[in-house]
Amino acid sequence: NLSLIPQIKHTDSNNFFLLSGPCAIEGEDMAMRIAEHIITITDELKIPYVFKGSFKKANRSRLDSFTGIGDEKALKILRKVSETFKVPTVTDIHTEQDAVMAAEYVDVLQIPAFLARQTDLVVAAAETGKTVNIKKGQFMSPESMKHAVNKVTETGNQQAMITDR
């Protein structure tokens with residue numbers, strides 16, 4: 001139920017909803033400009049929208065690849081986007097500790113596809129009470145995603161979403 005996500009608009013439009021933004025939060029100016037541009041479009045077209053930006057990129061192929069500007073700094077930028085534009089935000093999490101920390105700043109916690117089967121991570125995200133978006137791993141059948149969703153709902157959190165790409 002999209003209407004359970006704080007600040008989400010246009011839920012009665014019968015449109016698809018959009019999770020979109022920069023891959024990673026690289027700076028405040030960039031995040032604010034992207035948010036403003038996408039919100040202009042989604043408001044005009046009445047598309048429910050959640051601003052997405054990873055506060056940390058933990059799934060890099062090389063050790064020296066960019067992983068972020070600092071966890072708290074990036075999470076504060078996500079909060080500022082939400083407060084400035086009155087839009088919900090989502091970020092990827094990679095550890096149980098990330099779930100607790102990110103839940104203080106964003107509205108939706110996203111489980112990356114390659115971690116969709118990690119019970120401790122999914123349960124930790126669910127236990128924050130936030131909406132949990134689980135990206136379907138390419139290695140998972142659509143039917144197997146019910147188990148990931150059950151990990152959320154069995155904690156008492158009924159706010160589970162699945163993204164297939």
Side-chain angles (χ1 to χ4, degrees), residues 1-11 15-116 118 120-136 152 157 159-165:
N1 185 350
L2 284 180
S3 63
L4 295 176
I5 300 173
Q7 301 189 84
I8 195 151
K9 302 174 197 165
H10 312 301
T11 57
N15 263 326
F16 63 92
F17 73 96
L18 181 65
L19 298 160
S20 181
C23 176
I25 299 297
E26 296 180 26
E28 183 177 316
D29 182 60
M30 178 191 77
M32 299 298 274
R33 284 186 291 121
I34 290 170
E36 183 176 31
H37 185 70
I38 295 172
I39 290 166
T40 299
I41 295 167
T42 56
D43 279 349
E44 181 180 326
L45 299 175
K46 303 213 179 311
I47 298 169
Y49 173 59
V50 180
F51 180 85
K52 188 265 180 202
S54 293
F55 76 95
K56 170 174 50 178
K57 297 304 286 185
N59 56 338
R60 294 300 192 208
S61 56
R62 292 187 5 212
L63 192 57
D64 61 348
S65 295
F66 174 79
T67 58
I69 60 173
D71 296 355
E72 191 171 4
K73 184 175 182 180
L75 287 166
K76 285 181 177 179
I77 291 169
L78 285 164
R79 178 187 283 160
K80 184 171 183 179
V81 167
S82 179
E83 291 172 350
T84 301
F85 296 105
K86 308 294 184 237
V87 63
T89 54
V90 58
T91 196
D92 290 341
I93 58 169
H94 303 91
T95 68
E96 296 93 86
Q97 296 79 15
D98 286 352
V100 173
M101 178 176 51
E104 297 295 319
Y105 296 89
V106 300
D107 303 295
V108 179
L109 299 175
Q110 181 164 277
I111 309 296
F114 71 99
L115 296 173
Q118 298 299 312
D120 291 346
L121 178 60
V122 175
V123 169
E127 287 177 341
T128 68
K130 297 290 184 173
T131 298
V132 179
N133 183 43
I134 306 167
K135 290 175 88 174
K136 182 189 149 312
V152 175
N157 183 342
Q159 300 174 78
M161 304 182 340
I162 298 173
T163 297
D164 193 0
R165 48 193 175 108

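The structure presented is a predicted model; accordingly, all values stated were derived computationally and were not measured.
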Can you tell if the side chain of V87 reaches within under 4.5 Å of the side chain of Q7, non-hydrogen atoms only? no

Pairwise side-chain contact, K9 with D43, heavy-atom cut-off 4.5 Å (strictly under): yes

Residue list, side-chain hydrogen bond (donor to acceptor under 3.5 Å, both in side chains) with Q159, at least two apart or on another chain: T131

Mind checking side-chain hydrogen bond (donor to acceptor under 3.5 Å, both in side chains) for T128 and listing every partner two or more places apart, or none if nothing turns up? none

I need the [X] [atom1] to [Y] [atom2] distance, nearest 0.5 Å.
{"X": "K130", "Y": "I5", "atom1": "NZ", "atom2": "CD1", "value": "11.0 Å"}
{"X": "T42", "Y": "F17", "atom1": "OG1", "atom2": "CZ", "value": "13.5 Å"}
{"X": "H10", "Y": "L2", "atom1": "NE2", "atom2": "CG", "value": "12.5 Å"}
{"X": "E28", "Y": "L78", "atom1": "CD", "atom2": "CG", "value": "11.0 Å"}
{"X": "Y105", "Y": "E72", "atom1": "OH", "atom2": "CD", "value": "4.0 Å"}

Between the side chain of T89 and the main-chain N/O of F51, is any donor-acceptor distance below 3.5 Å? no

Give a yes or no on whether the backbone of S20 and the side-chain of Y49 come within a donor-acceptor separation of less than 3.5 Å. yes

Could you tell me which residues satisfy salt bridge (Lys or Arg N to Asp or Glu O under 4.0 Å) with D98, sequence neighbours excluded, listed by chain and number? K56

Test L109 against every option in D107, V106, I111 by the side chain to side chain contact (heavy atoms under 4.5 Å, CB included) rule and name the one that passes. V106

Is it true that atom NZ of K136 has more than 12 heavy atoms of other residues, nucleotides or ligands lying nearer than 6.0 Å? yes

Distance-only donor-acceptor check, side chains S54 and K52, under 3.5 Å: yes

